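In what follows, a structure is listed as structure tokens, so that the remarks can point back to it.
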Amino acid sequence: MANKRNTEVTGKRAASAASKTLRSPTASKAAKSAAGSALTQVQSKSGAYEVTSRKAARAASKTLRSPNASKAAKSAAGSALTQRPGRKS
């Protein structure tokens with residue numbers, strides 16, 4: 001089975017939320033990791049696509065499950081997880 005290329009990119013709203021999360025003094029380390037991953041996946045002019053690493057995906061998952069994470073942090077985490085390649089069957 002051929003590998004599918006990830007063509008998902010972080011949208012403007014999610015990028016803005018990620019930026020807000022990175023600037024927040026109260027955001028957790030996991031939330032900032034997920035936000036950083038989401039920001040690296042904003043479509044570049046060269047058309048290159050990045051994918052979320054396993055470590056960043058774990059941080060994003062932790063952020064989404066956290067009752068204390070802000071809406072912006074969860075938005076960025078969701079964007080990062082969307083860009084994680086699916087599991088092979």
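Keep in mind it's a predicted model, so treat the numbers as computed, not measured.
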Discussion item. For a quick test of reading the model, state the closest non-hydrogen atom pair linking L39 to A15 and the distance between them.
Written reply: CD2-O, 3.6 Å

Worksheet entry | Any residue meeting side-chain contact (heavy atoms from CB on, under 4.5 Å) with A57, in chain and number order, not counting sequence neighbours | T52, L81, R84

Worksheet item: Has the side chain of T10 got a donor or acceptor atom that lies under 3.5 Å from a matching backbone atom of A38?
Response: yes

Worksheet item: Can you tell me if K71 uses its side chain to pair, donor with acceptor, with the backbone of A17 under 3.5 Å?
Response: no

Hey, can you pull the donor-acceptor pairs under 3.5 Å for the side chains in residues 22-29, sequence neighbours left out?
| residue | atom | partner | partner atom | Å |
| --- | --- | --- | --- | --- |
| R23 | NE | S19 | O | 3.3 |
| R23 | NE | S19 | OG | 3.3 |
| R23 | NH2 | S19 | OG | 3.4 |
| S24 | OG | T26 | N | 3.2 |
| S24 | OG | T26 | OG1 | 3.1 |
| S24 | OG | A27 | N | 3.3 |
| S28 | OG | A31 | N | 3.1 |

Discussion item. Would you say that K62 contacts R58 through its side chain, given a criterion of any heavy-atom pair below 4.5 Å between the two side chains?
Written reply: no

